[in-house]
**Student:** 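Below: one structure in structure tokens.
Just the heavy atoms: all of them, side chains too, but no hydrogens, waters or symmetry mates, feed the values below.
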Amino acid sequence: MEDSPVLSWKVAGLLLGLLVILATALVKPFGVSTQYVVTDAIVLHNAAPSVAESNEYLNKYGEKADWGIGYGWMLVFGMFLGSGISALATRRFRQRKNPALPAMWKEQFGDHKGKRLIQAFIGGMLLLFGARLAGGCTSGHMISGISQLTVGSFVFGASIFASGILTARTLYRKRSSS
Amino acid sequence: MKLLLGLAIGTAIGAVMQLGGASSYRKILGSLLLKDMTIIKLILMTIAVTTVGIYALDLVDMANMSIKPTYVVGIIIAGLIFGVGFAISGYCPGTCVLASAEGKTDAVFTLIGGLFGAALYALVYPLMAPLISLTNYGEITLPSVFNVSNGIWIAVPFSAILLLLVFRVLKDRYE
């Protein structure tokens, strides 16, 4: 079952903490959401270099790494590899009956693959728009930011949970019995 | 060399998070519905360990810190938008990468949506300037606000409170 993690939160939290400390000692604290911008910058720079270079925000991140990948991008790519490897090793790769539908979602909203994928896509857009406006996401702001005792990261953490809890409650307000 | 280091640290982080259940839709929604505390405890445990570690490194000048600026209004608005995306998708920008690697196709859509969301932000970035300059207090931290020169004096009690929360106060599940 995908619902019972292999590692307890104690062990996973301890190991994850040690890894973030290691990253901070060797390079810098860990963050993910910037790499979405870096990816956009690389893709657009390949397709239309002048458009990418004239966009102030893409230029800010693209120029720095010469419109290529850097340490941070490789870290996120590593996360993809690491997750895939551990999922395969623990036989949790493609565990769902329908790879697009979480069981819990299906119970509430029914067997609608298209609806779920649209939700997932729009959710992703909101996540990254919010993360870029804040300057970080769950990793960069919540974990790395709060661990550096950054005031804004506490504000971000409170804000995402307030909004996330409210939205989740609205989505799951009544269990459909049909 | 630095690229390989990134790959190595990232692979370890990805594996630990996947094994800890961070890429599970049920676990994340369970947290937001305040029924399953696994992910909340995982995050708080990670922060408890990391805070003390980073400020201990800082004592010997070995912490490559990176403090983000605090612009209260902009960050609150950003968090509200992020939170809606968090609950709708059931992922965050990092965990959708992990879940994509597990073969969950909804997570791939969240990842692609994220690329579009970041592009949209790049497009409207000039319009966001007022939100970033309004109530911007710069790179402030609890030690700088309280004028404590060694952050470890705040880091240790802060981590102790988090450990108390995860081990003594919060239960695993609520009905």
Side-chain angles (χ1 to χ4, degrees), chain A residues 3 5-7 9 12-13 15-17 19-21 23 28 32-33 36-37 40 57-58 71 74-75 78-84 86-87 94 99-100 102 104 117 120-121 123-130 132-135 137-139 146-147 149 151-152 155-156 159-160 163-164 167-168, chain B residues 2-3 6-7 9-11 13-16 18-21 25-26 32-33 41-42 45-47 49-51 53 64 66-68 70 75-76 78-89 92-94 97-98 101-103 105-106 109-110 113-114 117-119 121-122 125 140-142:
Chain A
D3 304 334
V6 177
L7 291 180
W9 56 265
L15 291 176
L16 190 54
L19 287 165
V20 180
I21 296 167
K28 61 179 179 186
V32 172
S33 73
Y36 283 80
V37 186
D40 283 343
Y57 195 67
L58 293 179
Y71 162 84
M74 289 302 280
L75 187 137
M79 287 170 64
F80 180 85
L81 284 184
S83 171
S86 63
R94 287 220 168 224
M104 181 182 173
L117 293 181
F121 182 88
M125 279 191 79
L126 295 171
L127 281 173
L128 264 297
F129 192 91
R132 290 334 298 159
L133 177 57
C137 61
T138 326
S139 53
I146 292 183
S147 296
L149 301 173
V151 176
V155 176
F156 186 66
S159 180
I160 68 173
S163 155
T167 310
Chain B
K2 223 174 184 182
L3 293 184
L7 187 70
I9 296 178
T11 305
I13 288 178
V16 169
Q18 195 276 335
L19 294 171
Y25 177 90
R26 186 182 288 272
L32 294 179
L33 294 169
K41 287 185 167 189
L42 171 57
M45 178 72 185
T46 305
I47 295 173
V49 173
T50 312
T51 307
N64 299 302
S66 158
I67 309 292
K68 298 179 192 296
T70 296
I75 287 181
I76 290 176
L80 296 177
I81 297 172
F82 186 100
V84 174
F86 198 15
I88 290 182
S89 67
C92 64
V97 173
L98 306 175
E102 293 176 297
T105 41
D106 56 339
F109 273 67
T110 300
Y121 184 76
Y125 177 63
I140 52 170
T141 62
L142 292 185

**Student:** Check whether any side-chain heavy atom of B/T50 lies under 4.5 Å from a side-chain heavy atom of A/I146, and answer yes or no.
**Tutor:** no
**Student:** A/V151 vs B/T141, test: side-chain contact (heavy atoms from CB on, under 4.5 Å). Steps then yes/no.
**Tutor:** CA-CA 5 Å; A/V151 176; B/T141 62; 5.5 Å; no
**Student:** Among A/A87, A/A134, A/A120, single out the residue with the greatest number of heavy-atom pairs under 4.5 Å to chain B.
**Tutor:** A/A120
**Student:** Given B/F82 and A/F129, is the ring-ring contact (aromatic ring centres under 6.0 Å, His included) satisfied, shown in steps?
**Tutor:** CA-CA 7 Å; B/F82 186 100; A/F129 192 91; over 10 Å; no
**Student:** Quick one: OG1 on B/T11 to CE on A/M79, what's the gap to the nearest 0.5 Å?
**Tutor:** 10.0 Å
**Student:** Measure the spacing between CG of A/L75 and CG of B/L3 and express it to the nearest 0.5 Å.
**Tutor:** 11.5 Å
**Student:** Specify which of B/L42, B/I9, B/T51, B/V49 makes the most heavy-atom pairs with chain A at under 4.5 Å.
**Tutor:** B/T51
**Student:** Chain B: which of A/A168, A/A12, A/S147, A/S33 shares the most heavy-atom pairs with it under 4.5 Å?
**Tutor:** A/S147
**Student:** Which atom names give the shortest non-hydrogen contact between A/F156 and B/G79, and what distance separates them?
**Tutor:** CE1-CA, 3.7 Å
**Student:** side-chain contact (heavy atoms from CB on, under 4.5 Å), that's the test. Do A/D40 and B/Y121 meet it? Break it down for me.
**Tutor:** CA-CA 11 Å; A/D40 283 343; B/Y121 184 76; over 6 Å; no
**Student:** Given the options A/S83, A/G13, A/G130, A/G123, which has more heavy-atom pairs under 4.5 Å with chain B than any of the others?
**Tutor:** A/S83
**Student:** Which value, rounded to the nearest 0.5 Å, describes the distance between A/S159 atom OG and B/I81 atom CD1?
**Tutor:** 9.0 Å
**Student:** Report the distance from atom OG of A/S86 to atom CG of B/L98, rounding to the nearest 0.5 Å.
**Tutor:** 8.0 Å
**Student:** Among the options A/V32, A/L15, A/V155, A/L16, pick out the one with the most heavy-atom pairs lying under 4.5 Å from chain B.
**Tutor:** A/L16
**Student:** Could you tell me how the ring of A/Y57 sits relative to the ring of B/Y125: parallel (under 30°), tilted (30 to 60°) or perpendicular (over 60°)?
**Tutor:** tilted
**Student:** When you compare the side chain of B/V97 with that of A/Y36, does any pair of heavy atoms fall below 4.5 Å?
**Tutor:** yes
**Student:** Taking B/A122, B/G53, B/A87, B/G20 one by one, which has the highest count of heavy-atom pairs under 4.5 Å against chain A?
**Tutor:** B/A122
**Student:** What residue, out of B/D106, B/T70, B/T105, has the most heavy-atom pairs lying under 4.5 Å from chain A?
**Tutor:** B/D106
**Student:** Heavy atoms only, distances under 4.5 angstrom: which of B/G103, B/G94, B/P93 has the most pairs with chain A? Name it, please.
**Tutor:** B/P93
**Student:** Answer with side chain, backbone, both or neither: which region of A/S139 has an atom nearer than 4.5 Å to a non-hydrogen atom of chain B?
**Tutor:** neither
**Student:** As an exercise, state the distance from CG of B/L80 to CG of A/L126, rounded to the nearest 0.5 Å.
**Tutor:** 11.5 Å
**Student:** Can you tell me how far the CD1 atom of A/I160 sits from the SG atom of B/C92, to the nearest 0.5 Å?
**Tutor:** 8.0 Å
**Student:** Would the distance check show the side chain of B/K68 and the main-chain N or O of A/G135 forming a donor-acceptor pair, the cut-off being under 3.5 Å?
**Tutor:** yes
**Student:** Give the minimum heavy-atom separation between A/Y71 and B/K2, together with the two atoms involved.
**Tutor:** CD1-O, 3.4 Å
**Student:** Less than 4.5 Å apart, side chain to side chain, heavy atoms only: is that true for B/L33 and A/M104?
**Tutor:** yes
**Student:** If you count heavy-atom pairs under 4.5 Å with chain B, which of A/L19, A/L149, A/T167 comes out on top?
**Tutor:** A/L149
**Student:** Need one label for A/V6: side chain, backbone, both or neither, based on atoms under 4.5 Å from any heavy atom in chain B.
**Tutor:** both
**Student:** Please identify, among A/I21, A/T138, A/L117, A/L127, the residue contributing the most non-hydrogen atom pairs under 4.5 Å to chain B.
**Tutor:** A/L127
